[in-house]
Amino acid sequence: HGGNFSTDAGDSGGGGVTYNIDEVAGQNITDAAGTLYDDGGPGGTYSQTDYTTYIVPGAGKKVVITMREFEMGPGAGNFNEKLRFFNTTSGVLNFYGSMTDGGANAPTANQVITGVDEGTVTIIFDQSGYYGAGGFYTQDAQGFKLTWEIVDV
């Protein structure tokens, strides 16, 4: 999966590092704790680019991800924009829609996704977009914010 991407997160009692997903695309994240945003960051909207990153806990550890904010996907059921998680606990999770609007396929507020012992969690920001009768649809929603922590098994 490309190279490792890690800075010294120090003690995990703090907030850890903060990345936009485009900064760690194709990389292994090994920081003890942090925050991950869509490629628009905390205040901006996201682009139409696909990104994949990997959170790698290391020996004797596991990944715990908490969904903080989530709003993705155009309306009318054309959910071509989604955030996908792959791990060996939950298999595949596909999130789209809006957390604040209570979308059936959106995460709930502070929903937790846990990886298995020493198992990598793959995060795919799937931005294929939607082409309809009116032309190419560009989503202007806020995207996502999640936090993670690598904890002892």
Side-chain angles (χ1 to χ4, degrees), residues 1-42 44-74 77-129 139 141-153:
H1 320 294
N4 288 325
F5 197 97
S6 178
T7 59
D8 181 5
D11 128 36
S12 63
V17 297
T18 299
Y19 301 126
N20 290 359
I21 196 166
D22 56 317
E23 298 172 322
V24 289
Q27 303 295 317
N28 293 338
I29 298 172
T30 57
D31 299 292
T35 302
L36 183 68
Y37 288 98
D38 60 89
D39 61 332
T45 57
Y46 53 82
S47 73
Q48 292 175 352
T49 305
D50 295 343
Y51 298 106
T52 301
T53 191
Y54 312 92
I55 302 181
V56 182
K61 307 279 187 178
K62 66 181 177 180
V63 181
V64 179
I65 293 171
T66 305
M67 298 303 297
R68 303 296 183 179
E69 297 171 12
F70 186 87
E71 186 172 352
M72 284 184 66
N78 298 308
F79 295 106
N80 290 55
E81 302 165 344
K82 52 189 169 289
L83 189 64
R84 297 187 287 162
F85 295 87
F86 291 83
N87 68 45
T88 50
T89 300
S90 57
V92 183
L93 292 173
N94 291 296
F95 288 144
Y96 51 87
S98 172
M99 182 187 289
T100 55
D101 293 342
N105 292 285
T108 56
N110 299 315
Q111 180 171 339
V112 174
I113 300 159
T114 304
V116 298
D117 308 353
E118 303 179 22
T120 295
V121 175
T122 301
I123 302 172
I124 300 177
F125 185 46
D126 185 349
Q127 257 304 103
S128 51
Q139 176 62 312
Q142 285 300 303
F144 71 87
K145 173 186 178 181
L146 61 84
T147 56
W148 81 86
E149 188 175 7
I150 294 176
V151 299
D152 291 331
V153 170

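Below, each value reflects all heavy atoms present in this structure, side chains not excepted, and no hydrogens, waters or symmetry copies. Numbers here are sequence positions counted from 1.
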**Item:** Test log, rule side chain to side chain contact (heavy atoms under 4.5 Å, CB included), inputs Thr122 and Thr52
**Value:** CA-CA 7 Å; Thr122 301; Thr52 301; 3.8 Å; yes

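Annotation: side chain to side chain contact (heavy atoms under 4.5 Å, CB included) contacts of Pro57 (sequence neighbours excluded): Lys61, Val63, Ile150. Residues satisfying the ring pair (Phe, Tyr, Trp, His ring centres under 6.0 Å) test with Phe125, not counting sequence neighbours, are Tyr46, Phe144. Qualifying side-chain hydrogen bond (donor to acceptor under 3.5 Å, both in side chains) partners for Thr49, counting only residues two or more places apart in sequence or in other chains: Ser47. For Lys145, the side chain to side chain contact (heavy atoms under 4.5 Å, CB included) partners two or more places apart in sequence, or in a different chain, are Thr35, Tyr37, Arg68, Glu69. Under the side-chain hydrogen bond (donor to acceptor under 3.5 Å, both in side chains) criterion, Ser98 pairs with Thr100, sequence neighbours left out.
When all heavy atoms of Ala106 and Phe70 are compared, the pair lying nearest together is CB-CD2, 4.1 Å. When all heavy atoms of Trp148 and Leu36 are compared, the closest pair comes out as CZ3-N, 4.0 Å. Scanning all heavy atoms of the two residues, the minimum distance from Asn20 to Pro42 falls at OD1-CD, 4.4 Å. Residues Val24 and Ile29 approach most closely at CG2-CD1, 3.8 Å, considering heavy atoms.
Side chains of Asp22 and Tyr51: a donor-acceptor N/O pair is absent below 3.5 angstrom, by distance only.
Side-chain contact between Val116 and Lys62 is absent, with no heavy atoms from C-beta onward closer than 4.5 Å. Using a 4.5 Å cut-off on side-chain heavy atoms (C-beta onward), Ile123 and Ile65 make contact. Between Tyr19 and Asp31, the closest side-chain pair of non-hydrogen atoms falls below 4.5 Å.
Taking CD1 of Ile124 as the reference point, atom CD1 of Ile21 lies at 9.0 Å (rounded to 0.5 Å). Distance check, rounded to the nearest 0.5 Å: CD1 of Ile113 to CZ of Phe86 gives 12.0 Å. The line from CG of Leu93 to CG of Asn105 is 11.0 Å long, rounded to the nearest 0.5 Å. Rounding to the nearest 0.5 Å places CD of Glu149 at 8.5 Å from OG1 of Thr66. To the nearest 0.5 Å, atoms OG1 (Thr120) and CG (Asn28) are separated by 6.5 Å.
Of the candidates Glu71, Met67, Met72, Gln111, Met99 forms a side chain to side chain contact (heavy atoms under 4.5 Å, CB included) with just one, namely Met67.
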